[in-house]
Number of protein chains: 2
Amino acid sequence: MVVTGHTSSEGAPGEGAPGQGTPAERGPGGETARSVSIRDVAAAAGVSYQTVSRVINGHPSVKGSTRDRVLGTIAELGFRPNRAARALAGGTAQSVTVLTSNTTLYGYAAVLEGVEEAARTADFAVGVRVVESAEPDAVRDAVARATEAAGALIVLAFDRAGAAALAAVPDGVHLVATVETPVGEAGAGRPWVWINDREAAVTATRYLLGLGHRTVHHVAIPSSAETGQRLAGWQSALAAADAGIPPAIQAGWDSRSGYQAGRALAADPAVTAVLCGNDDLALGVTRAMIEAGRAVPGDVSIVGFDDTPQSAYFVPALTTVRLDFTELGRAAFALLHERISGRPATVARLDPELIIRESSGPPPTGGA
Amino acid sequence: MVVTGHTSSEGAPGEGAPGQGTPAERGPGGETARSVSIRDVAAAAGVSYQTVSRVINGHPSVKGSTRDRVLGTIAELGFRPNRAARALAGGTAQSVTVLTSNTTLYGYAAVLEGVEEAARTADFAVGVRVVESAEPDAVRDAVARATEAAGALIVLAFDRAGAAALAAVPDGVHLVATVETPVGEAGAGRPWVWINDREAAVTATRYLLGLGHRTVHHVAIPSSAETGQRLAGWQSALAAADAGIPPAIQAGWDSRSGYQAGRALAADPAVTAVLCGNDDLALGVTRAMIEAGRAVPGDVSIVGFDDTPQSAYFVPALTTVRLDFTELGRAAFALLHERISGRPATVARLDPELIIRESSGPPPTGGA
DNA sequence: GCGAAAATTGTGACCGGTCACACGGCGCGA
DNA sequence: TCGCGCCGTGTGACCGGTCACAATTTTCGC
């Protein structure tokens with residue numbers, strides 16, 4: 001029943017055992033061997049190091065027989081090119097690091113997944129660095145580390161910490177940001193990629209209004225700015241429909257925070273529809289409503305945001321707005337790659353989509 | 001309503017604007033400046049490059065006045081040390097890459113979070129590389145890329161792809177694995193870190209049996225071996241209690257897969273208790289049960305695994321086994337760091353904990 | 001069979017740091 | 001006053017690749 005850190009017994013098979021052909025000298029104490037370099041390979045294959053370099057880079061002007069011989073030697077010696085050396089000499093690092101305030105929340109994790117996937121197919125290494133907070137020290141440090149680690153940066157600027165980090169990135173660094181809204185000051189003058197959260201919120205709000213609800217309440221996630229885009233969209237849709245605009249409840253990201261908001265909302269019988277800033281919040285709100293004896297969607301309709309993989313299996317299944325964060329990540333990388341390599345990329349367009357499931361419906365007939 | 005890749009207008013503020021003091025020459029076309037090196041700083045501060053190196057590394061034998069002058073110049077020129085050069089010259093890369101088959105599933109994401117956190121405080125850069133499958137080509141490629149990118153590796157070997165990757169890591173690479181079970185062949189002879197899933201499964205199964213259930217069914221997640229440790233624990237607890245051992249249902253990781261398994265289970269009235277390989281599966285199973293008209297926990301008790309942040313807010317709230325994956329990630333890094341730096345680390349011990357909530361209870365009285 | 005173009009291969013310098021070692025100046029005991 | 005050790009600093013080589021260019025084959029037309 002424990003997490004155990006355990007070093008398998010010293011001298012165990014496979015650990016520090018002399019490799020079959022690694023040439024570099026080991027210290028007498030059995031230290032780790034120095035890794036095989038192209039010069040080692042060259043010597044063993046009887047060619048120059050440049051030829052080895054050509055072979056590993058697939059350069060065309062190498063005779064077939066030579067190539068085969070070198071390739072054989074490479075396999076035999078277990079040669080692996082050193083990325084640091086390559087980056088240093090070649091100038092181009094072939095790596096991105098993702099700068100974010102979080103790696104586990106659905107949206108962030110999905111963007112990261114998309115970036116990794118795209119980066120992998122482009123043969124880029126990907127790094128991750130989290131910015132713990134929006135405090136200047138934390139931000140400065142994070143940006144410094146991230147920029148020294150890689151040639152390029154993708155900053156997830158959905159929240160305060162991310163936006164602060166984005167603003168702190170020095171010029172001359174290859175950079176793409178994923179932002180809430182392109183007009184924010186943090187994103188000024190820098191290439192970005194986004195999902196139109198605002199429009200998505202408008203759509204969701206209109207949908208609820210169309211169902212007959214007098215108004216829609218909102219439980220908001222933290223944002224990168226004073227008012228988030230989801231909140232702004234909700235407000236504007238309400239205004240456009242001449243519906244009352246109740247105060248938004250500012251929450252965090254997680255279900256616990258949604259639950260607390262939900263308890264407050266459940267106490268108010270006028271609440272018949274709630275738009276939540278994400279699906280986790282929606283889960284918490286739903287639970288609070290049900291605990292308070294208010295049926296979902298019978299008494300209260302609840303709509304989420306993001307369409308996490310779980311939300312279709314909630315009870316009731318959650319009506320939500322699907323946002324393709326993974327694709328957003330891919331797009332961010334594509335844009336970055338384009339700026340680094342000059343090769344233009346096509347960035348997919350994709351629309352948020354309202355997924356209507358069980359948690360929403362018309363307001364109660366006798367209700368508000 | 002679109003994801004938009006957009007390069008803010010050329011010549012926009014902040015993009016390629018001449019830095020106030022970057023010395024390196026720009027091409028006439030306004031290309032990006034070469035970055036500032038220690039030699040640039042040295043020249044500007046009137047010292048040798050070695051002195052600059054000493055300053056940035058906090059070497060003690062530098063006169064205070066010199067240090068201040070150099071530090072001033074560094075700030076003025078916006079110098080950032082180049083990690084690649086440092087790794088190349090110093091031998092030690094100060095970076096880990098996490099090799100995993102997935103980055104978004106709760107367990108994996110949490111381990112990654114823990115690794116990142118620990119690595120960050122140790123001033124290590126962290127990379128991520130996913131292994132798409134257990135196929136030899138994919139594995140070989142992933143391992144090759146991962147090892148060339150960094151000096152050290154943490155392999156998440158919970159599943160087939162991860163275990164295959166672990167087995168494929170060449171000797172001489174700093175490595176720690178997170179494994180399902182330390183006796184597996186993949187982990188042989190390599191340092192590892194683990195959570196005792198087996199015991200946790202025993203505990204959960206015993207708990208259900210103790211509630212009065214005749215037996216417990218199991219919906220299994222994919223595993224790194226023939227039979228996973230969670231499954232093995234479940235089996236052994238059943239055997240120890242002389243309960244019948246129904247065939248386990250092999251599922252995937254996600255709620256959809258749990259839902260399918262749940263439908264099958266719901267059709268069998270003898271099923272009164274289900275232990276699920278993770279919380280997502282449990283969510284799907286629960287939904288399937290409820291759809292089939294079987295109350296949870298009235299007719300069927302459901303227990304999950306992992307304690308994801310959402311599971312407390314499910315309806316009904318999920319009984320589950322809490323596993324601290326984040327701590328596991330921290331432990332993995334600590335162990336790795338110890339092996340790299342020689343400095344011994346203390347690895348926390350922590351126990352899986354059964355969290356009893358609403359989804360489990362005694363079997364129906366009139367039932368099986 | 002010969003010269004030139006094309007195909008291959010090799011050489012030297014360099015990327016931006018670090019290491020090992022050398023060097024000048026100073027305080028101090030003999 | 002001299003020699004020694006220490007402090008602070010500078011010099012040269014090197015890490016493992018890449019680039020630009022030179023040198024060496026081949027290939028081929030005539």
Side-chain angles (χ1 to χ4, degrees), chain A residues 22-25 27 32-70 73-74 77-95 125 147-151, chain B residues 22-25 32-70 74 77-95 125 147-151:
Chain A
T22 44
E25 58 295 319
T32 315
R34 272 236 321 288
S35 64
V36 190
S37 79
I38 55 169
R39 277 152 170 113
D40 297 325
V41 174
V47 298
S48 76
Y49 53 81
Q50 180 60 270
T51 299
V52 177
S53 174
R54 290 197 181 95
V55 169
I56 59 186
N57 290 302
H59 195 91
S61 72
V62 177
K63 210 193 320 186
S65 58
T66 310
R67 176 192 313 282
D68 292 345
R69 184 151 40 94
V70 171
T73 312
I74 284 176
L77 262 43
F79 165 80
R80 288 171 285 118
N82 179 322
R83 196 146 201 149
R86 188 173 272 177
L88 184 57
T92 144
Q94 294 283 98
S95 78
T147 52
E148 80 185 49
Chain B
T22 44
E25 58 295 317
T32 315
R34 272 238 318 290
S35 65
V36 190
S37 78
I38 56 169
R39 279 156 168 104
D40 297 325
V41 174
V47 296
S48 76
Y49 54 81
Q50 180 59 269
T51 298
V52 177
S53 174
R54 290 195 181 96
V55 170
I56 59 185
N57 290 302
H59 196 90
S61 73
V62 176
K63 211 195 316 190
S65 58
T66 310
R67 175 191 316 282
D68 292 344
R69 184 151 39 94
V70 171
I74 285 176
L77 262 45
F79 166 78
R80 288 172 287 118
N82 179 322
R83 197 147 200 146
R86 187 173 274 178
L88 185 57
T92 143
Q94 295 282 98
S95 77
T147 52
E148 79 185 49

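Residue numbers start from 1 in every chain, and the chains themselves are labelled A, B, ... in the order their sequence lines are given, proteins ahead of strands.
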Sequence-distant partners of [X], side chain to side chain contact (heavy atoms under 4.5 Å, CB included), two or more places apart:
X: A:Arg80; value: B:Thr147, B:Pro170, B:Val173
X: A:Asn57; value: A:Ser53, A:Arg86
X: A:Thr73; value: A:Val41, A:Ala44, A:Ala45, A:Leu77
X: B:Ala89; value: none

Under 3.5 Å, which N/O atoms of the protein pair with N/O atoms of nucleotides 17-21 of chain D?
| unit_1 | atom_1 | unit_2 | atom_2 | d |
| --- | --- | --- | --- | --- |
| D:dG17 | OP1 | A:Asn82 | N | 3.4 |
| D:dG17 | OP2 | A:Ile38 | N | 2.8 |
| D:dG17 | N7 | A:Arg39 | NH1 | 2.7 |
| D:dG17 | O6 | A:Arg39 | NH2 | 3.3 |
| D:dT18 | OP1 | A:Asn57 | OD1 | 3.3 |
| D:dT18 | OP1 | A:Asn57 | ND2 | 2.9 |
| D:dT18 | OP1 | A:Arg86 | NE | 3.2 |
| D:dT18 | OP2 | A:Ser53 | OG | 2.4 |
| D:dT18 | OP2 | A:Asn57 | ND2 | 3.3 |
| D:dC19 | N4 | A:Gln50 | NE2 | 2.4 |
| D:dA20 | N6 | A:Gln50 | NE2 | 3.0 |

Looking only at heavy atoms, which two atoms of [X] and [Y] are closest? And how far apart?
X: B:Ala84; Y: A:Ala87; value: CB-CB, 4.1 Å
X: A:Ala42; Y: A:Ser48; value: CB-C, 3.6 Å
X: A:Arg83; Y: A:Gln94; value: NH2-O, 2.9 Å
X: B:Phe79; Y: B:Ser37; value: CE1-C, 3.7 Å

Any side-chain heavy-atom pair from B:Arg67 and B:Val70 closer than 4.5 angstrom?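 Answer no - side chains too far apart.
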At under 4.0 Å, does any side-chain N or O of A:Ser48 touch on OP1 or OP2 of C:dT11?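 A:Ser48 to C:dT11 OP1/OP2: no side-chain N or O under 4.0 Å.
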Hey, is the main chain of A:Ser65 close enough, under 3.5 Å, to the side chain of A:Asp68 for a donor-acceptor pair?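 Checking the backbone N and O of A:Ser65 against the side chain of A:Asp68, no donor-acceptor pair under 3.5 Å is found.
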Within residues 58-70 of chain B: residues closer than 4.0 Å to DNA chain C (heavy atoms): none
Using five pairs at each end of the helix from C:dG1-D:dC30 to C:dA30-D:dT1 to define an axis, what is the angle between those two axes, to 10°?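 Inter-axis angle at the ends, rounded: 50°.
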